[in-house]
Structure formats: structure tokens, C-alpha cells
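Atom set for the values below is all heavy atoms of this structure, side chains included, hydrogens, waters and symmetry mates excluded.
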Amino acid sequence: MSSKKISQKRAEKERQDNRVLNRIYYVFLLGLAAECFLFLVYRGYAWGSVGSLLVWHKVLVALTWLGLAALVGGVAVGVWKKENRKLRTIMAWTAGVGAFFFVSGWMITHFFTNAFGTVAMCILVAVLAVLALIYFLYQRECTLSTAMLGGAMFSVWLRGATMHSDMWRIPVIIGCVLVVAVLAAVIYLTDNARKADGKLWGVRVFSVECDYRIVYAALAVAAAGVLLAAVLPMISYYLMWALGVVLFAELVYYTTKLM
């Protein structure tokens, strides 16, 4: 191989690494900005004075509708002008910011008691930021497995926390059944992607070197954990530990593949 080709490959790798670093930087800044906004809302809306509460309520309602408009408009224009890559990227960011303000505004104003909506949004933003970082740093199958195992851990925790609640017990059980159904659908789609060399509907969703045994195992463990928690909520604590160990092992496995 000539030195020119080696230099070109090295330059291309550096450009790719820089793109990844830029995306990570943007995710970090956006996550930080979102958390700062939610902190201001927490201080002014959840625990502020009556006057501050009323002002923030009007602002949040306005941001909810503006966010919905930005989300719909961004998706519509992005699909309409999908050939224009630059405009499509701008519209994707517009839709993402709109989705944040729409969801956060709705959650915060509808779940005001004990600042539940604000706290839930703080956790959700942190979780999504971590998943975005995993998506940019690791293989796509790692992101899927991590998201499914993390969602299973949350479902198991919620089942254990509400097993003595007359109000939430039945809805949470139904939610667990729906989570298992979603995991079954993901397993089915994963199998379809495996048969199509990592693609679904012509779009690559898994890397060429994907080890589908790891993906199947992670999804199966997640489904089994949620199903067991729905039937036997008293063992939810131990199931969370088991899912946590599997999640840690899965991340270690994909980390070693990057080395």
C-alpha cells in the first residue's frame, strides 16, 4: 500500500474522529443547557412565589405550543426537503428542540405536585444524553441493548415501588406487559435485520460485524426481568441487580470491541 493511500486513510479517520467529537460536544452542551433550564423552572415554578409561579406557568404553556409547532414544522420540512442535507440537519435540530420544550412544558404543568414533572424531566434529559453519547461512541447495537436493559430496570423498579399501591398497581402491571410486548417486537425486528445483513427497510441499523447473540441475550434478559417483576414484584430488588450486572457486562463487551 502506497504512502499516499495510507495518508488519505489517516486523514479520513481523523475527520471521522473529529465529527464524533463534535457531536459529543454538542450533546454535552445541549444536555447542560436543558438541565440549566429545568433548574430555573424548578426554582421559579415549583418552589417560587405565587407571582413567579404564575409567570412561569404562562411561559411554559407558551413554550409547549411553540415547541409543538417547531416539532411538527421541523419534521414536515425535513421530510419535504430531505434531498437538501443541510436544511434537513437544521430541521432535525429544530424538531429536537421543539420536542424538548413541548414534552417538558406539558410534563411540568400537568404534574406539578412535589415538582414531579420537573424532576422526571431532569432524569429523562440525563438518560437521553447518556444514550446519545453511547450512540456516538459505540456500535448501534450497543445503544439498542443499553436502552432496552435500562428501560427494563426502570420498569422493574416501578413495579416493586408500586406493588402495595391500590391506585398504581394495576396500571403498572399493564405497563409491564406492554414493555414485554415492545421487547418481543424489537426481537422480531432484530431478527429481520439479521437476515438482511443488518438493515431494516433498506436502512442500516446494525454494524456489519454485529454479534446478534449478544443483542438477543440482552433483549431476552430484559423481557424476562420485566415479566418476572410483573408476576413476582417482591423479587424486584434482586431483578434490578441482575439486570444491572447484565448491563455492565454488555457495556464492557462493546468497550473491548472498540479497542
Residues 168-191 side chain polar contacts: donor-acceptor under 3.5 Å, at least two apart:
unit_1	atom_1	unit_2	atom_2	d
Arg169	NH1	Ser165	O	3.3
Thr190	OG1	Val186	O	2.7
Asp191	OD1	Arg194	NE	3.2
Asp191	OD1	Arg194	NH2	2.9
Asp191	OD1	Tyr216	OH	2.8
Asp191	OD2	Lys195	NZ	3.3

Can I get a per-line list of side-chain donor-acceptor pairs under 3.5 Å for residues 51-77, giving both atom names and the distance, sequence neighbours left out?
unit_1	atom_1	unit_2	atom_2	d
Ser52	OG	Gly44	O	2.6
His57	ND1	Tyr45	OH	3.1
Thr64	OG1	Leu60	O	2.7

Side-chain donor-acceptor contacts of residues 137-144 below 3.5 Å, not counting sequence neighbours, with atom names and distances?
unit_1	atom_1	unit_2	atom_2	d
Tyr138	OH	Thr255	OG1	3.0
Arg140	NH1	Arg204	O	2.4
Glu141	OE1	Ser207	N	3.2
Glu141	OE1	Ser207	OG	3.4
Glu141	OE2	Ser207	OG	2.6
Thr143	OG1	Tyr135	N	3.4

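With side-chain heavy atoms closer than 4.5 Å counting as contact, directly or through intermediates, Met163 stands alone and belongs to no larger hydrophobic cluster. In the hydrophobic clustering, Val119 connects to Tyr42, Trp47, Ile123, Val127, Leu131, either directly or through intervening members, whenever side-chain heavy atoms lie under 4.5 Å apart.
Not counting sequence neighbours, Thr162 has no partner by the side-chain hydrogen bond (donor to acceptor under 3.5 Å, both in side chains) test. Annotation: ring pair (Phe, Tyr, Trp, His ring centres under 6.0 Å) contacts of Phe154 (sequence neighbours excluded): Trp157. Tyr212 is linked by a ring pair (Phe, Tyr, Trp, His ring centres under 6.0 Å) to Phe206, counting only residues two or more places apart in sequence or in another chain. Under the ring pair (Phe, Tyr, Trp, His ring centres under 6.0 Å) criterion, His164 pairs with no residue at all, not counting sequence neighbours. Applying the side chain to side chain contact (heavy atoms under 4.5 Å, CB included) test to Trp93 and every residue at least two apart in sequence or in another chain returns Tyr26, Leu30, Thr89.
The salt bridge (Lys or Arg N to Asp or Glu O under 4.0 Å) contacts involving residues 212-222 comprise Asp211-Arg213, where partners must be two or more places apart or lie in separate chains. Within the structure, side-chain hydrogen bond (donor to acceptor under 3.5 Å, both in side chains) pairs that include any residue of residues 222-247 comprise Tyr237-Trp241 (at least two apart or interchain).
Of all heavy-atom pairs between Arg159 and Pro233, the closest is NH2-CG, 3.5 Å.
Side-chain contact check for Thr118 versus Met121: every heavy-atom pair is 4.5 Å or farther apart.
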